[in-house]
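Just so we're on the same page: letters track the sequence lines, and every chain starts at 1.
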Number of protein chains: 2
Amino acid sequence: MTTSSSPGRSAADRTRPRTRAPRNTLNRERVLDAAVDLLDRAGPDAFTMRALAERLGVATMAVYSHFSGKDEIIDAVRVRLLAEADLPSRRPEGGERPGPREEVRELCRAAYRLLADHPSVLHLLAARPPDGDEFTLFAERTLEALLRAGLERREAASAYTALTQFTVGAALWAAGSRKRRAAQACREAGAGPGGGTARPAGPAGLPADRYPHLVGLMPELADAVRDGTAQYERGLDALLTGLLG
Amino acid sequence: MTTSSSPGRSAADRTRPRTRAPRNTLNRERVLDAAVDLLDRAGPDAFTMRALAERLGVATMAVYSHFSGKDEIIDAVRVRLLAEADLPSRRPEGGERPGPREEVRELCRAAYRLLADHPSVLHLLAARPPDGDEFTLFAERTLEALLRAGLERREAASAYTALTQFTVGAALWAAGSRKRRAAQACREAGAGPGGGTARPAGPAGLPADRYPHLVGLMPELADAVRDGTAQYERGLDALLTGLLG
DNA sequence: ACCTGAACACCGTTCAAGT
DNA sequence: ACCTGAACACCGTTCAAGT
């Protein structure tokens, strides 16, 4: 897929043995920094213990001194990212404190942004979805706002769950469409600019007689997927209306 | 993790060369049958070209005569499952035709059930989310009902997208909680029934002073995750209310 | 305690060969 | 055309060894 770019050290470097790393070059934090970076840059498939170690300038097995294995690293990355979400400040400096509905909206937006900025986290969430209580700060503040909005305890828990589920699903969609768009651009670049006879009828080869509405609404559906953020906000508004009345 | 159960042939069988398979034992359909079965039974991690071939009673490379590789098989599995969703019949035999809102509800329920029954599809969806137009029949009928409910073209496309996003997110949550519950049961069985001193304070070790609402609502949150279907329906109703007014 | 290199049991896939 | 086995370049992880 990529050309022969070596991300860490050159092939020549990798051949001769690296100068031995100082005794305490590594710690959990440095490993996690590199893991998040590698995951976001290269994607989950390229997230390899060997690649991670190379990025740290260290032998592969050095990482095992600080983590029991790849799974523990993945768990730690997930916990860190979910905990570090850039949430809106609790007390806005200048303006009024927003109403509970507006605060829930802002919190969800922040969660969506986090997932959109770190597409690889989605892969981790899919492989091992969070406990619900792993969003900690996000959960705490969202639940508080939902209760303040007048919801009962059960209703608040249920609403929080629904909001989180929707947010993850929407982010998943956006990440997928981004990936697909990149793949398509790559394909078209490879095929060259000579496609005059392409696309005979249905945009995806779908029979328009069997799926009239689907084919007819294709442009609108493409729009909805294209601008993930705007689409997310529309859905979020609808969900909030249904949840808060 | 598992005991030494060999899913396909015994270790002795695997040692001596298998009797050569007849010329046309394999075809795309048989491969996909086995793939879906293996995926649902053993999970995505155990979904291996070697395991798949063994289940088919065939050498590993035989599969490559019908599929270009693992990715193509995964794509085909996803398309097949999404296309084969067990949707509610278009014309109910006895009763009245339901209103558009009720029909959308039933369609979404069917989609959720499909994802819940095939948890591994979720992994595939996460790795390469669908085009939106891969749900074909589901999309066609949902879009039709949304238009019938009075939505504009853009609104219908947006609403369909939101419903699908929410459905995938909710199914993801349910699958995750199921997996986690199984893992926990396994862990407890291993530890034996001697846990009298466990769980000192917060259910997950969360500081109750930092996360009062989250800790306080833990039972309700656990309930919301426990019965995935009921939780999904509550969220779906809220979303529909917001979308259809 | 922390880091290293070789080795083991896997994986997807290429390739030349069988029928 | 379809199926096979050996081989290649990976992967996560175990292990004995270095400092």
Side-chain angles (χ1 to χ4, degrees), chain A residues 1-2 4 6-9 11 13-31 34-35 38-39 42-77 123-124 127, chain B residues 1-2 4 6-9 11 13-31 34-35 38-39 42-77 123-124 127:
Chain A
M1 195 59 79
T2 63
S4 66
S6 65
R9 305 182 301 141
D13 284 340
R14 224 174 304 129
T15 303
R16 63 174 135 83
R18 174 199 317 99
T19 66
R20 183 171 252 268
R23 0 272 151 200
N24 277 7
T25 25
L26 240 48
N27 53 54
R28 288 178 69 97
E29 199 189 351
R30 257 175 57 70
V31 171
L38 179 60
L39 226 22
D45 285 346
F47 179 56
T48 285
M49 293 301 278
R50 285 170 165 88
L52 180 61
E54 185 168 340
R55 180 168 286 247
L56 287 162
V58 114
T60 306
M61 295 312 301
V63 180
Y64 285 79
S65 298
H66 302 88
F67 290 90
S68 71
K70 195 182 188 183
D71 283 349
E72 195 185 308
I73 297 179
I74 287 177
D75 279 359
V77 166
H123 207 89
L124 311 184
Chain B
M1 195 60 80
T2 64
S4 66
S6 64
R9 306 180 300 140
D13 284 341
R14 223 173 304 130
T15 303
R16 62 173 135 84
R18 170 200 322 97
T19 66
R20 182 171 250 268
R23 359 275 151 198
N24 277 8
T25 26
L26 240 48
N27 53 54
R28 287 177 71 96
E29 199 189 350
R30 256 175 58 70
V31 171
L38 180 59
L39 226 22
D45 286 345
F47 180 56
T48 285
M49 293 301 279
R50 284 169 166 88
L52 180 61
E54 185 168 341
R55 180 168 286 247
L56 287 162
V58 113
T60 305
M61 294 314 300
V63 181
Y64 284 79
S65 299
H66 302 88
F67 290 90
S68 72
K70 195 182 187 182
D71 283 349
E72 195 186 308
I73 297 179
I74 287 177
D75 280 358
V77 166
H123 207 88
L124 311 184

Could you spell out the base pairing of DNA chain D as a dot-bracket line? Use Watson-Crick and G-U wobble contacts where both distances are under 3.5 Å, [ ] for crossing pairs, | for partners on a different strand. ||.|||||...|||||.||

Do A/T60 and A/L52 touch side chain to side chain, with heavy atoms closer than 4.5 Å? no

Does a side-chain heavy-atom distance below 4.5 Å link A/I73 with A/V63? yes

[X] [atom1] to [Y] [atom2] distance, which is reported to the nearest 0.5 Å:
X: A/L26; Y: A/F67; atom1: CG; atom2: CZ; result: 9.0 Å
X: A/N24; Y: A/S65; atom1: CG; atom2: OG; result: 10.0 Å
X: A/L56; Y: A/T25; atom1: CG; atom2: OG1; result: 8.5 Å

Heavy atoms of other groups near B/E72 CD, more than 12 under 6.0 Å: yes

State whether the side chain of A/H66 and the backbone N or O of A/V31 hold a donor-acceptor pair below 3.5 Å, judged by distance alone. no

Counting only side-chain nitrogens and oxygens, does A/H66 get under 4.0 Å of the OP1 or OP2 atom of C/dC3? yes

Mind calculating the distance between [atom1] ([X]) and [atom2] ([N]) to the nearest angstrom?
X: B/L26; N: D/dT4; atom1: CG; atom2: P; value: 9 Å
X: A/E54; N: C/dC3; atom1: CD; atom2: C1'; value: 17 Å
X: B/L56; N: D/dT4; atom1: CG; atom2: C1'; value: 15 Å

What does nucleotides 8-19 of chain C look like as a protein-contact string, B for base, S for sugar-phosphate only, - for none, at under 4.0 angstrom between heavy atoms? ---BBBBB--B-

Who are the side-chain contact (heavy atoms from CB on, under 4.5 Å) partners of A/I74, not counting sequence neighbours? A/F47, A/K70, A/L124

